[in-house]
Number of protein chains: 2
Amino acid sequence: MAGTRSRPPEGRRRASHSMEAVLTEAVALLDEAGEPALTFRALAGRLGGGVASIYWYVASKDELLDRATDHVLGGVLTAIEAQTGSEDPIDDLRVMAVTLFDAIVVRPWLAAYFMRNTDLQGNSLRLYEQIGQQTLRLDLTPRQRFHAASAIISVVVGTAADLGQEPPPEVLDGTVGRDEYLGQWAERWRGLDPGEFPFMHEIVDEFEGHDDKDQFLAGLELTLAGLRLQAGA
Amino acid sequence: MAGTRSRPPEGRRRASHSMEAVLTEAVALLDEAGEPALTFRALAGRLGGGVASIYWYVASKDELLDRATDHVLGGVLTAIEAQTGSEDPIDDLRVMAVTLFDAIVVRPWLAAYFMRNTDLQGNSLRLYEQIGQQTLRLDLTPRQRFHAASAIISVVVGTAADLGQEPPPEVLDGTVGRDEYLGQWAERWRGLDPGEFPFMHEIVDEFEGHDDKDQFLAGLELTLAGLRLQAGA
DNA sequence: CTATCTTATCAAACATTGTTCGATAACCGA
DNA sequence: TCGGTTATCGAACAATGTTTGATAAGATAG
């Protein structure tokens with residue numbers, strides 16, 4: 001049986017990872033092609049090692065995604081902390097929400113794992129704390145503060161997830177521009193029965209060529225206006 | 001080679017499906033154990049047929065999920081249409097949002113595929129239209145109406161997805177009650193440094209034993225208040 | 001220096017998944 | 001009876017997350 005077993009390849013060296021490297025490469029894969037691109041084999045290839053090695057650092061793919069999420073959330077958090085300090089706590093809340101929103105737009109995979117993330121700890125917890133601290137400057141009850149902070153996070157994540165859904169491949173390939181894509185939907189809606197779909201006809205012109213960021217800002221503003229009203233300011 | 005090939009089993013009859021049956025069983029599987037429970041093999045087993053047969057009705061799992069989502073959305077839509085007609089359009093909006101929210105709470109898998117659903121048509125389109133029609137009764141610009149309807153959907157789906165995330169297995173198994181589960185988080189937060197986490201200490205009592213529905217209603221009310229303000233009513 | 005334990009790596013196998021292929025039954029109009 | 005469309009199904013395929021057992025490399029103790 002000698003020779004059957006694969007003898008130690010002399011030229012081949014053992015790879016040496018680190019948690020930092022694993023997370024960095026994982027995030028890179030996620031950024032390049034989204035969630036399905038992050039496979040253990042692709043990640044192992046990037047790290048120049050074997051597949052099973054990754055399991056020394058994380059116990060499962062879920063944990064890998066949790067850690068990757070927390071990893072990038074660290075950057076978002078420092079960006080947010082550097083921008084607080086306005087006179088108006090509502091202005092601060094707006095800035096924080098926008099910063100988080102922008103981060104999710106750049107990394108659409110964040111939204112999905114922001115929700116699936118039951119562990120309110122680490123940077124996720126700190127982010128929640130930062131937003132909540134602004135509500136401490138408003139004249140609210142503890143319960144209202146609890147609801148306000150949660151509502152703002154929901155608005156950001158909900159809108160970002162809704163708008164950040166992957167466009168169909170023909171848009172990603174660049175064969176069809178975004179405007180053209182929106183135009184196709186607009187065209188379809190214009191063909192609907194005006195009696196049955198008066199609203200779609202009302203907004204189809206607005207939809208065509210709309211900006212996602214404006215849509216988010218408008219929704220955020222509604223929540224902030226309600227909050228300001230509630231605080232009696 | 002005669003005999004090698006599996007000869008037609010005489011007692012075994014061919015199964016006969018239908019699109020309706022496929023979707024019904026698919027929804028049943030999703031309801032019982034969420035998204036991962038819906039596999040083509042499990043579905044085929046329920047239908048008493050072969051795996052490949054399902055591919056005559058749907059081209060992929062994505063399409064299966066889209067159709068299943070649209071299927072249950074039909075029921076939500078009729079429930080919503082039966083409840084409109086209040087004097088105050090904002091009251092109607094609230095009822096519609098709550099109805100949709102309740103449907104997602106019962107079926108947490110809906111939230112995920114509500115967002116991934118790029119095809120704004122079918123019942124999804126009708127639902128959007130129903131919500132939008134209420135904004136027609138408010139004194140708003142077309143753009144404001146477009147943003148308002150989108151914001152409400154985002155609030156509902158975002159909050160439902162956030163709150164409807166699957167609790168850990170120990171809660172599902174019933175070995176640990178929900179109150180006990182919340183209590184464990186509360187305990188952890190109480191151990192945080194009060195100087196660094198003043199907000200968490202402020203709301204930990206509210207969090208313990210809170211109701212998800214109340215949390216949603218509070219967030220929704222903020223958006224509706226902002227909307228009412230914008231409409232100048 | 002040697003022995004031993006811990007840390008870290010890896011190839012290979014395993015189970016499960018979505019999907020495709022080719023065959024073939026069941027029905028139906030001519 | 002024939003031919004074509006509709007519908008079903010077993011078997012195989014490729015890709016995935018995960019486990020196993022072996023083993024190298026480094027640190028630590030004797």
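Quick note: numbers below take in every heavy atom, side chains included, and nothing from hydrogens, waters or symmetry partners. So that the names make sense, note that chain A is the first sequence line, chain B the second, and so on, each numbered from 1.
- For B:Glu187, the side-chain contact (heavy atoms from CB on, under 4.5 Å) partners two or more places apart in sequence, or in a different chain, are B:Arg190.
- Every residue two or more places apart in sequence or in another chain that forms a side-chain hydrogen bond (donor to acceptor under 3.5 Å, both in side chains) with A:Glu63 is listed here: A:Arg67.
- DNA chain C lies under 4.0 Å from at least one heavy atom of each of the following residues of residues 27-44 of chain A: A:Arg41.
- Within the structure, ring pair (Phe, Tyr, Trp, His ring centres under 6.0 Å) contacts touching residues 56-75 of chain A (residues at least two apart or in different chains) do not occur.
- Residues passing the side-chain contact (heavy atoms from CB on, under 4.5 Å) test with B:Arg46, sequence neighbours excluded: B:Glu25, B:Ala28, B:Leu29, B:Glu32.
- A:Asp214 meets the salt bridge (Lys or Arg N to Asp or Glu O under 4.0 Å) test with no other residue; sequence neighbours excluded.
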query: In the 5'-to-3' direction, what one-character label does each nucleotide of nucleotides 3-8 of chain D receive under the scheme B = base within less than 4.0 Å of a protein heavy atom, S = sugar-phosphate only, - = no such atom?
result: ----BB
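- From one end of the helix from C:dC1-D:dG30 to C:dA30-D:dT1 to the other, with five pairs defining each end axis, the axis direction shifts by 10° (rounded to 10°).
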query: Given the rule in the side chain to side chain contact (heavy atoms under 4.5 Å, CB included) test, do B:Lys61 and B:Leu43 qualify, once you have shown the distances and angles that lead to the verdict?
result: CA-CA 11 Å; B:Lys61 185 170 186 183; B:Leu43 183 53; over 6 Å; no
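- Here A:Arg126 pairs with nothing under the salt bridge (Lys or Arg N to Asp or Glu O under 4.0 Å) rule; sequence neighbours left out.
- For A:Val95, the side-chain contact (heavy atoms from CB on, under 4.5 Å) test picks out A:Gln83, A:Thr99, with sequence neighbours left out.
- Take A:Ala148 and apply the side-chain contact (heavy atoms from CB on, under 4.5 Å) test, not counting sequence neighbours, and it matches A:Thr135, A:Leu227.
- The salt bridge (Lys or Arg N to Asp or Glu O under 4.0 Å) search around B:Glu206 returns A:Arg143, not counting sequence neighbours.
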